[in-house]
Amino acid sequence: MKELFSLRTVRKKILMLSKLAGLALIFSYVLSTGLPISEDASFLLWLGFLLLLVLGIDFFMGRFITKPIDKLNASAKRMAGLDFSAPCNLVSTDEFGELSASLNTMAENLQQALVRLEDANTQLEKDVEKERLLLAERKELVDSLSHEMKTPLGIIRAYAEGLQDEMDEARKQKYAQVIVSEVVRVNDLIVTLLDLSALESGAASLNISRFDFVELVETAAGRLLIDAPDTDFELQYELPEQKAFVRTDRRRMEQVLENFMVNARKNVSPGGILRLEVTADDGTLHFSIFNQGRTIPENDLPKIWTKFYRDSNAGYSGSGLGLSIVAQILSMQNLPYGAENRVDGVLFWFSIPVTE
């Protein structure tokens with residue numbers, strides 16, 4: 001019985017309203033004709049009641065049908081324009097209420113789908129850009145490598161041809177040594193380049209450990225600056241007396257120190273000063289190495305960290321990859337580094353936080 005008289009559907013609301021209107025119309029007619037008034041007055045009274053009845057029906061029809069449809073239409077237009085910021089706030093137990101809930105569910109699903117689509121597009125753009133940069137890097141790498149390989153391969157070919165025709169054993173031995181030296185140079189170039197590519201692509205990760213940074217600097221300096229043969233410079237150094245521990249990749253940090261020290265040793269002027277310093281300040285270690293000699297042109301300072309950069313006026317040869325590896329290793333750890341011209345030389349430096 002309760003379900004029979006419930007108004008959970010629009011159809012039932014309209015039927016109930018029409019029945020009530022019919023009953024009200026009959027009741028008003030009986031009431032107006034039964035009053036002790038003239039026939040004209042009775043008609044006017046019934047006509048007034050009829051007007052009120054029409055206005056009442058119009059009010060309820062607007063509340064039950066017109067207003068819900070307007071709200072649904074407005075929400076549908078917003079969704080058609082991909083605006084899902086405001087849900088349809090129609091609350092009803094009839095079909096309009098169900099339609100409103102369905103629209104809100106659809107809007108939520110579409111919003112989630114659009115977010116996923118935007119994320120996918122953003123990722124696709126990143127992937128496309130990454131692929132474009134990768135192709136550009138590969139082209140640059142091939143071009144640079146081709147350029148770098150020409151000289152040693154040309155030397156190897158020339159000395160190999162000379163070795164075939166040379167009769168003097170001493171010259172043959174010299175030619176063979178040159179060939180071996182150039183082969184080692186090519187091998188070192190390829191190995192270093194592969195190492196740098198692994199760092200840049202993320203294929204090589206850092207193996208973090210805790211160690212004494214001062215001890216590492218002393219070991220590297222002893223091997224590369226003190227015990228090295230044919231040293232023609234004055235070594236000055238200042239290191240902390242106490243241990244200073246850091247958390248980083250020990251092998252990669254040793255690689256950084258070696259590249260800095262070898263670079264300074266090759267650039268120091270004959271009989272000049274090579275000064276190595278490690279100082280501690282407010283929980284941070286500052287490493288610096290200075291070589292007395294020619295300065296770097298200011299315009300070229302930012303270029304020294306790029307692959308295959310070499311100073312054309314330098315009196316030595318190298319792969320041009322050492323400082324690139326240094327920059328990559330330090331950048332992976334967000335460690336500050338740089339190079340500065342001084343009055344009579346160049347200073348390279350970087351900083352690393354101390355750990356307990």
Side-chain angles (χ1 to χ4, degrees), residues 192 196 199-200 206 208 211-226 228 231 233-269 272-307 309-311 314 316 318-355:
T192 305
L196 179 58
L199 288 170
E200 290 177 336
L206 298 177
I208 305 299
F211 59 90
D212 182 8
F213 183 79
V214 178
E215 179 187 0
L216 182 65
V217 173
E218 288 177 337
T219 303
R223 176 166 47 88
L224 297 172
L225 301 180
I226 299 176
T231 56
F233 55 84
E234 179 187 345
L235 178 62
Q236 301 176 358
Y237 60 91
E238 179 184 347
L239 301 176
E241 295 182 359
Q242 69 279 8
K243 294 182 177 182
F245 289 91
V246 296
R247 289 188 60 83
T248 182
D249 188 314
R250 183 186 179 93
R251 185 178 70 86
R252 291 298 182 183
M253 188 53 63
E254 185 175 7
Q255 198 173 3
V256 169
L257 296 175
E258 288 178 353
N259 278 297
F260 273 143
M261 292 179 185
V262 170
N263 180 75
R265 190 180 67 191
K266 288 181 176 180
N267 282 279
V268 64
S269 58
I273 296 174
L274 194 153
R275 184 167 58 252
L276 175 68
E277 291 185 4
V278 176
T279 58
D281 177 29
D282 195 22
T284 302
L285 288 176
H286 303 285
F287 170 89
S288 67
I289 186 165
F290 167 81
N291 64 270
Q292 196 172 40
R294 290 189 323 102
T295 59
I296 302 173
E298 290 294 331
N299 292 336
D300 289 348
L301 272 176
K303 301 176 185 177
I304 64 176
W305 310 103
T306 59
K307 292 190 290 287
Y309 172 82
R310 282 196 299 267
D311 186 351
Y316 66 91
S319 66
L321 296 174
L323 292 180
S324 298
I325 290 180
V326 167
Q328 184 63 35
I329 293 173
L330 296 177
S331 296
M332 289 173 67
Q333 304 173 81
N334 296 317
L335 299 179
Y337 63 93
E340 303 170 4
N341 280 322
R342 296 299 169 89
V343 176
D344 56 347
V346 182
L347 177 76
F348 287 85
W349 62 271
F350 73 91
S351 300
I352 185 170
V354 179
T355 185

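What you see is a predicted model; the values in this text were computed from it and never measured.
Atoms CZ and CZ, from F245 and F211 in turn, are 10.5 Å apart once rounded to the nearest 0.5 Å. Summarising the geometry, atom NE2 belonging to H286 is positioned 4.5 Å from atom CG belonging to D281; distances are rounded to the nearest 0.5 Å. L330 CG to I325 CD1: the interatomic distance, rounded to the nearest 0.5 Å, is 11.5 Å. In this structure, CZ in R250 is found 8.0 Å from CG in D212, a value given to the nearest 0.5 Å. From I329, atom CD1 reaches atom CG of L206 across 8.0 Å, with rounding to the nearest 0.5 Å. A distance of 3.0 Å separates CD in Q333 from OG1 in T248, rounded to the nearest 0.5 Å.
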Given side-chain contact (heavy atoms from CB on, under 4.5 Å), test V217 with L239 step by step and report yes or no. CA-CA 9 Å; V217 173; L239 301 176; 4.0 Å; yes
Given side-chain contact (heavy atoms from CB on, under 4.5 Å), test L276 with M261 step by step and report yes or no. CA-CA 9 Å; L276 175 68; M261 292 179 185; 4.2 Å; yes
For a side-chain contact (heavy atoms from CB on, under 4.5 Å) check, start with the C-alpha distance between Y237 and L274, then their side-chain angles and the critical distance, and finish with the verdict. CA-CA 8 Å; Y237 60 91; L274 194 153; over 6 Å; no
E298 and L301: side-chain contact (heavy atoms from CB on, under 4.5 Å), yes or no, with the steps? CA-CA 5 Å; E298 290 294 331; L301 272 176; 3.3 Å; yes
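The two residues L225 and F233 come nearest to each other via the heavy atoms O-CZ, 3.6 Å. Contact detail for L224 and R265: the closest heavy-atom pair is O-NH1, 2.7 Å. Taking each heavy atom of A264 and I289 in turn, the nearest pair found is CB-CD1, 3.7 Å. Across V214 and Q242, no two heavy atoms sit closer than the pair CG2-O, 4.0 Å. Shown here for L347 and F290, the closest heavy-atom pair between the two residues is CD1-CB, 3.8 Å. Residues V246 and P353 approach most closely at CG1-O, 3.6 Å, considering heavy atoms.
Ring pair W305/Y337 is perpendicular by interplanar angle, where above 60° counts as perpendicular and below 30° as parallel.
N259 places a side-chain N or O within donor-acceptor distance of the main-chain N or O of Q255, the cut-off being under 3.5 Å. Judged purely by atom type and a 3.5 angstrom limit, D249 has no side-chain atom pairing as donor or acceptor with the backbone of I208. A donor-acceptor pair under 3.5 Å is absent between the side-chain atoms of T295 and the main chain of G345, judged by distance alone. When atom types are taken as modelled, the side chain of Q292 and the backbone of I273 share a donor-acceptor pair closer than 3.5 angstrom.
Checking each of T279, L335, V256, L257 against F287 for a side chain to side chain contact (heavy atoms under 4.5 Å, CB included) leaves exactly one that passes, namely L257.
Looking only at side-chain heavy atoms (C-beta outward), V346 and N267 stay at 4.5 Å or farther from each other. You'll find the side chain of N291 stays beyond 4.5 Å of the side chain of F260, heavy atoms only. In this structure the side chain of F348 reaches within 4.5 angstrom of the side chain of L323, judged on heavy atoms.
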